[in-house]
Structures are given as C-alpha cells and as structure tokens.
Amino acid sequence: MPNQPLNADDVPHGPGRRRRPSRWRRTLIRLLVVLLLVCGAAAAGIEIYIRSVPLPAESAKPQASTLYYRDGHTILARVGTTDHSDVPLSAVPEAVRWAVLAAEDRDFYHHGGISIRGVLRAVVANVRGSREGASTVTQQYARNAYLSQDVTVERKAKEFALAVQLERKFTKDEILERYLNTIYFGRGAYGIAAAAYAYFGTTPSQLTAAQGTVLAAVIKDPYNFDPANDRAAARTRWDWIVQAQREQGWLEQTLAYPAVNPAHAKDPGPNGPIIDRVEAELAALGITPRALHTRGLSVTTTLDARAQQAAVTQVKKRLSGQPKGLLAALVAVDPGTGGVRAYYGGNQGRGYFDNASAPRPAASTFKPIVLAAALRNGIAYESRWDGSSPRVFPGRLGVPLRNQKNLQCPFCTLEESMVDSLNTPFYSVTERIGADTVRRMANTLGVPRQYANAPSLVDVKGDPAPGKTRPDIALGRYPVAPADIASVYATFAANGVRRDRHFVDGVSTASGEPLRMPKRRTVRAIDRDVAADVSTVLSSVVRAHDLSPDHPAAGKTGSQQWGDTADNQDAWMAGYTPELATAVWIGKAQPGPIRDAKGRRIEGETMPAKLWKAFTSDALQGTAPTALPRPAHVGSPLAGDAQPPVVEEVERKKQPPKETEERSESLPAKRGLPSAGPSPSEGEGDAAAAAKEQADSEEPAN
C-alpha cells in the first residue's frame, strides 16, 4: 500500500493507552454541557418566577356585573351569581367526575399542573383549522379563582405559576373539588351543586352518568351548549364527551341523552334576550360567561334607553288583547355604528326562544335586496317590466306566479312594482341577473352565510334544489332573522356602508380598568349611488302607504302566505331613517295562520307597519330630521322585459281576481316547517274570498 499520512485518531494505541475522542465527539460534548447549563439556568429562572407569584390565601368572591345603556350611567340590568353552595368531592359520583375530566383534562391525574400533551394536542388542532384549549383543570381553577380573564402573556404566565403552586400545595382530589365548586355552568349556576339543581332539579349525589355528561358539556360554552339554547350543538358536544370517555376506558355502559329542565328565567322580561346576546358577544371576545357572572364587570351596551322603552311599550300595546300565541320581534340598529339601539326578542326572560334572532321567510322585505343587485348590474329603477299576473317562469317548474291580490301592471317600473309589491317583475329580474347574484348581494348587505351551521338562502332537503338558490329568493321564501334584516336596511341607510351589528361598546373590570375592545369592521357593501336609488324607491313605498314617522323614511312591508291558504304566517315591516334602521316581525312560535282579535288576517301593512311607525317616531323624538339622499339614476331605463304599449299612455289596471279564477299551486318550503309550509311569496295564490275579506274588513295602515 502506498504510504499515506496517518491521522492522530488512526494511530494504534498500545496497551494501557486511552484513545482520544474524535473532534466531532468533543464538539458534541461541549454542546451538551452548554445545553445543560442553559436548561439549568432556565429551570432556575422558571422556579424563581413561580415562587415570585404569590398564591392568594382565598379565591375571589363572586361579584355581580352591571350592564348599562349607551350613556354609561343608566342601568339596563345586573347579572350575577347568587346560586352557589360548596359540596365535598365525595358527594359527586365518580361517573360525573370522569365526564368532566374527559371534557376538560384527560391527563389530570398524570401531570403536575401543566399538560405538555394537551399543549401539543391544541397546537395540532389549531394547525388543522379547529380550536382546542390547552388549559388543565388546575390552570382553569387558578384562572377562575385568582386571575382576570385578560388574554395576555402576563396573565398566562401567572396562570402557569399558580397551577404549579396549587399542585404542590393540594392533592389532585382537593384541586378537583375546588374546581367543581367554582366553575360556571350557565343558568346562573356557580358550582356543581347549583348546576345539578338548575338543569335536573336534583343534588350532585343523585346525578347519573348521562346527566353529568350534560353538565360537563356546558363548561366549555355555558350558553351555546345549554340544550335550552341550542339542542343540536349540546347533543353534539355530549356525544363527543361520551366517546372520549369510552376511549379512555372510563365508560362501559350505554347512555341515553337525559331530559333537561327548561331554563329558569332569572332575568324575567324583555331584557332577557338582550342579556343573552351580550353574554354571547362577550364570550366571542374572550370574556367568559363565568367572568360576566362573577367578576363585577361594568358593561356599556349600545342600547338606547329611550329607544328600548319605546320598543317594549309599542310591542306591548300592539299585542295587548290579541289572540294567544301571537309573537313579535323588533330590532333597531344605528346605521352609523352598527350598534343595536333597541331589541325585543320576547318577554319571557333569559334562556327562552329569541324571536329576533330566529330566521323566518322574509317575504317582500327581501325585494330591496333584489333591487340593489339589479342596480349594480346596470338595471335602473325606472326600467319597465311585465307585471302581469299570473306569469310562468322557467324556474317555477310550471307553477304560475301571481301578484298579491292578482294586481296587473304589464308596463311597470321597478319603483312602481316595489310600491305595489308585485312579484312577477322582481322574479323576472332575478332570472335575468341570476339567483346566486341576489344571494351574494344579500350576504354582502348583512345576511349571514350560515344559520345553525347550515348554508343560508338555499334549498334544503325536500325542496326542489337542495343546496342551491332558486329565483324564488326574489320572493323572500328563504328564512332570514329579523336582526339580519335590520342590518341589511341599516346598510342602505348608511349609504351602502355595512358595519358589524353589536351590543357592547365597552367593558371595564371591578377596579375600573377598561378592557381592550376589538375594532369594528366597516365595509363598503354597495356604491353610494346604488344605495341612494334604493332609498328613493323605498321612500316612495313609505309615502304611498302613509307610513312616515315624522322623519324622512324608506321601507318595505311583507307578508308570507301560510301554505295554499288565504292566511299569512309571517308579517313584516322593515324601514329606516338616516338615524335608525328597524325590522319588525309578527308571527307564531310554530308557523301558522296569524289573525288579529277581530279575526282579520294580519298583513305587513297592518300591525307590523303601525308598530314600526309608532316605534320610530317615539325613538327619534327630539332628533332633528335628516334628508335621505337624492336619486342617482344608476343603470339603464331600457333594461326591462316589458313590451312598449301600443298607445302612447296606458292607465295601470288593478283588477281583483274573478270568483271563478283557479288558484296557483305553491312550491313547498320545508325548512323545518309543517308539510303545509309557506308558499314562496307575499299573497301568492290569494283566492277571491281573501281579496274581498281584505277590502271589507282590514284597517288601513296609519
């Protein structure tokens, strides 16, 4: 072999000689030593920090929070925990404890206060697009008992330090006992004893595994996982916890979802739904329901005392003496801020059904959305359309479409069609520009893309085109919540600018320290000129029907037919001034015929219109009137589908249907409604008897 230089590491070593480590091994050893020193220093620093955070002798006592009207001084409501009593851990069945730990901290008995597995699991969940908390039961107790709800690095660091100290001072069972006695379960129930009674009317020792799982489910979100508020979401969460227990080997028996008591109205009256909305909004901002009920917060809402009182007074006045089961909703929004100025969702208190947030077929209050989409696509409100009745359209599957009372106007402008609430011109416009275009316009103006985790403004199972939007959207056949209709009209009132609807203006702690609030979104939804033309058309509606509330105003009524009958199931009025946009709905909890105390069917232009007019006048009392914008004349007036008349002038004819006229068949709308569900338009298919009844007995709007 050729002679080659030898590396020192390659020189053979004789007996008794130690081989020197290679260069890379020496480098690795040095790095390990440095790493150990750094880790040691870090551990020492962490230990010093942990010891520097004092562990209070007692947890903070719960304090009621106060909700104020927008002036920041007038009290709207007080929200506080009054239902609380401690019980020993031995009084809580093991099955209930396991359910809570399966939901909140599966590694509770194996970590020292902080779960590395939980942190990693949360990171993976967040990467996948979902959200999962990483706080252990010990951390949650430390946060709830000793700290604020601020989402800051400093607060999280203190939470870690206190969790470690708690683990050193107390046994696991002692920590779990303290946790179960301090956690907020919703319904004003603070601790497991109060929760057992609030949900099941029993004591903790009598709770079953299934009942305990219901209570475990509400800890994460005490409002939305309460079966009284969202049964589907509560059941989904319950099923998930049951499966988690099985995976851990903590549950062998088969569970059935238990009966849960109705929510008790701790805050009776119309303020109840408002408090529910405030609580939900604060939770979305990171201020938990427990913090609201126990931390003595001061919450300044957007509600206006005068407007709210006007809403309650006028609703009570209109419903007084009316048939049992008739309900109302009213939502008023400030177009300039998006703040809710008045809100009436019902009179039963907290935890009951909120009619103002429940989607209902919007009927003809949806037609202004079609108009906005038409204007954006170059179709002027002066354009003329065939308003004949009946008409047959491709999207109607052969079912003729009629106008309310079978009104005839074969050469109508869109403005005239809006004033008379004609169906056929707006349906024709929608087929021209596309139903999806109208749906997107609705979303842009303020209708959410989903209701209860299902797409909005589309056909559902059992409809002609599940998952798709048909031109029937022009007739308001798809459900929209009154609160969202108010937001849409607020966008029109704000000259096309959409602002997030909200209930909370500010929050401060018991010590008076203000909490940071998010910046509200402001979006240019439609051009100013488009909004001006919509206002021009809707102001014509208000003038024609004598609905002016002593301020320049714009608006639209609507009535949703009950099945193929002469009755309505929903009656609407939505309108605005530059200062206030309001939606009013009248109907029943379960869709059905709505008639007044004299047996007359309720239309949008009767009770809802009167309620809207009186409320708006009262709410704006003392406010200087502001003019609506002048028309901009967007689009082409030649874009319509009507054929020019043969003679120079044609007098519009409004003819009631003949006694022998055959009624049109309705297309079903089965969004969880009875099989005799609503037909897709206002007054569609009215019989001669219905028209005669209206002419003979209905009061005019005033």
If we only count heavy atoms from C-beta on, is the [X] to [Y] side-chain gap below 4.5 Å?
X    : Y    : result
W585 : L327 : yes
T582 : L611 : no
L282 : V278 : yes
T437 : R376 : no
M441 : V438 : no
Q314 : T616 : no
I274 : Q308 : yes
T337 : T302 : no

Non-hydrogen atoms of [X] and [Y] that approach each other most closely:
X    : Y    : value
G321 : A597 : O-CB, 3.4 Å
P335 : A493 : CG-CB, 3.6 Å
A574 : I485 : CB-CG2, 3.7 Å

Point-to-point distance, once rounded to the nearest 0.5 Å, from [atom1] of [X] to [atom2] of [Y]:
X    : Y    : atom1 : atom2 : answer
L515 : S508 : CG    : OG    : 7.0 Å
R499 : R521 : CZ    : CZ    : 13.0 Å
Q404 : N423 : CD    : CG    : 7.5 Å
R528 : D533 : CZ    : CG    : 13.0 Å

Side-chain donor-acceptor contact under 3.5 Å, E579 with T623
no
For Q309 and T313, run side chain to side chain donor-acceptor pair (under 3.5 Å): C-alpha distance rounded to whole Å, both residues' side-chain angles, the deciding distance at 0.1 Å, then the answer.
CA-CA 6 Å; Q309 184 58 51; T313 299; 2.9 Å; yes
Tell me, with the steps shown, if R277 and V340 meet side-chain contact (heavy atoms from CB on, under 4.5 Å).
CA-CA 11 Å; R277 295 295 112 202; V340 177; over 6 Å; no
Does the side-chain contact (heavy atoms from CB on, under 4.5 Å) test come out yes or no for S421 and K556, once each step is laid out?
CA-CA 9 Å; S421 201; K556 184 71 186 76; 3.0 Å; yes
Would you check if the side chain of [X] reaches a backbone N or O of [Y] as a donor-acceptor pair within less than 3.5 Å?
X    : Y    : value
S298 : T66  : no
T469 : L457 : yes
R501 : A483 : yes
D527 : D529 : no
S535 : P629 : no
N271 : L76  : yes

Test side chain to side chain donor-acceptor pair (under 3.5 Å) applied to Y489 and T365, step by step:
CA-CA 10 Å; Y489 280 61; T365 60; 5.0 Å; no
Below 4.0 angstrom, N of the basic side chain to O of the carboxylate: do [X] and [Y] qualify?
X    : Y    : result
E281 : R520 : yes
D221 : R237 : no
D567 : R595 : yes

With a 6.0 Å cut-off (strictly less than), is the heavy-atom count around CZ of R524, excluding the residue itself, greater than 12?
yes
Residue N453 excluded, over 12 heavy atoms near CG under 6.0 Å:
no
Could you tell me if the ring centre of Y199 sits under 6.0 Å from that of F185?
no
As a quick check of understanding, evaluate side chain to side chain donor-acceptor pair (under 3.5 Å) for T557 and E605, giving each step before the final call.
CA-CA 6 Å; T557 60; E605 62 185 15; 5.2 Å; no
Taking it one step at a time, do Y344 and N355 satisfy side chain to side chain donor-acceptor pair (under 3.5 Å)?
CA-CA 8 Å; Y344 186 94; N355 293 300; over 6 Å; no
Show, in sequence, the C-alpha distance, side-chain angles and deciding distance for Y381 and V534, and conclude whether the side-chain contact (heavy atoms from CB on, under 4.5 Å) test is met.
CA-CA 8 Å; Y381 71 82; V534 171; over 6 Å; no
Could you give me the CA-CA distance, side-chain angles and deciding distance for I526 and F492, then say whether side-chain contact (heavy atoms from CB on, under 4.5 Å) is met?
CA-CA 9 Å; I526 54 177; F492 292 143; 4.0 Å; yes
Using the ring of each side chain (for Trp, its six-membered ring), is Y343 parallel, tilted or perpendicular to F503, with breaks at 30° and 60°?
perpendicular
